[in-house]
Amino acid sequence: MEEYTREPCPWRIVDDCGGAFTMGAIGGALFHSFKGFRNAPSGMNKRFIGSIMAVQQRAPVLAGNFAVWGGTFSTIDCTLVHFRRKEDPWNSIISGSATGAILAARNGVAAMTGSAIIGGVLLALIEGIGIFYTRMMADQFKPTSIVDDPAQQFADPKQGYPS
């Protein structure tokens, strides 16, 4: 059902890139505000200023890194959808693996391999949890049979009613 609520593929890249940037900016602001507060000199005023300075210096960098990851992932995902002509969990798993490898390329083959394995495993876990959750939620909407439901047992007038 998720694929019906998302943007079509060329616009999905921009949407995912912006969403990842926003997530990185908010998460980076929270993380670096605590880190800047903790590492600042003593005194509440100095700690508050240290917190703000850390957010100004490091949160945009983290947000940009998230945006690059989201854009690369989404670009590979859309490419796989185009070539494979279907949208399934394998596209996300392969995209996560390829994104990890591409973003670690300048660190050598060993780093690429490790990042590809980690990216693929993480996306496989995410997709697996999504499939499990979807199947678990689908069970509550399964129709029940008349044999299983005692309230419906005597719905047929020919059977009579209990005394």
If Ile, Leu, Val, Met, Phe, Trp and Tyr residues are connected whenever their side-chain heavy atoms lie under 4.5 Å apart, and connections chain through other members, are Leu62 and Val68 in the same group? no

Taking Ala29's backbone N and O only, do any of them form a donor-acceptor pair with Ser33's side chain (distance below 3.5 Å, no angle check)? yes

State, to 0.1 Å, how close Arg38 and Arg47 come at their nearest heavy-atom pair, and which atoms those are. O-NH1, 3.4 Å

Residue pairs passing the ring pair (Phe, Tyr, Trp, His ring centres under 6.0 Å) test with at least one member in residues 72-119, sequence neighbours excluded, are Trp69-Phe73

Counting only heavy atoms from other residues, nucleotides and ligands, does the tally under 6.0 Å from CE of Met44 exceed 12? no

Tell me the closest heavy-atom pair linking Ala111 and Ala104, and the distance in Å. O-CB, 3.8 Å

For Ala40 and Gly50, the nearest pair of non-hydrogen atoms, with its separation, is CB-CA, 4.1 Å

Looking at CG of Leu80 and CD1 of Ile93, how far apart are the two atoms once the value is rounded to the nearest 0.5 Å? 11.5 Å

List the steps, then state whether side-chain contact (heavy atoms from CB on, under 4.5 Å) holds for Ser115 with Leu103. CA-CA 8 Å; Ser115 293; Leu103 294 180; over 6 Å; no

List the residues meeting side-chain hydrogen bond (donor to acceptor under 3.5 Å, both in side chains) with Arg84, not counting sequence neighbours, and say none if there are none. Asp88, Asn91

What distance do Ile94 atom CD1 and Thr79 atom OG1 have between them, rounded to the nearest 0.5 Å? 12.0 Å

Ser97 (side chain) donor-acceptor with Ala116 (main chain) under 3.5 angstrom: yes

Scan for disulfide (SG to SG under 2.5 Å) pairs involving residues 48-112, sequence neighbours excluded, and state none if there are none. Cys9-Cys78

If you measure from CG on Leu123 to OG1 on Thr99, what distance do you get to the nearest 0.5 Å? 8.0 Å

Summary of ring pair (Phe, Tyr, Trp, His ring centres under 6.0 Å) pairs that have at least one residue in residues 12-58, sequence neighbours excluded: none

Atom OG1 in Thr72, atom CD1 in Ile13: separation rounded to 0.5 Å? 10.0 Å

Enumerate donor-acceptor pairs with a distance under 3.5 Å from any side-chain N or O in residues 125-132 to protein atoms, sequence neighbours excluded.
{"unit_1": "Glu127", "atom_1": "OE2", "unit_2": "Ser92", "atom_2": "OG", "d": "3.3"}

Which pair of non-hydrogen atoms, one from Ala20 and one from Gly70, has the smallest distance, and what is that distance? CB-CA, 4.1 Å

Qualifying residues under side-chain hydrogen bond (donor to acceptor under 3.5 Å, both in side chains), relative to Ser74, sequence neighbours excluded: Asp16

For Ala67 and Cys17, which heavy atoms make the closest approach, and how far apart are they? O-SG, 3.4 Å

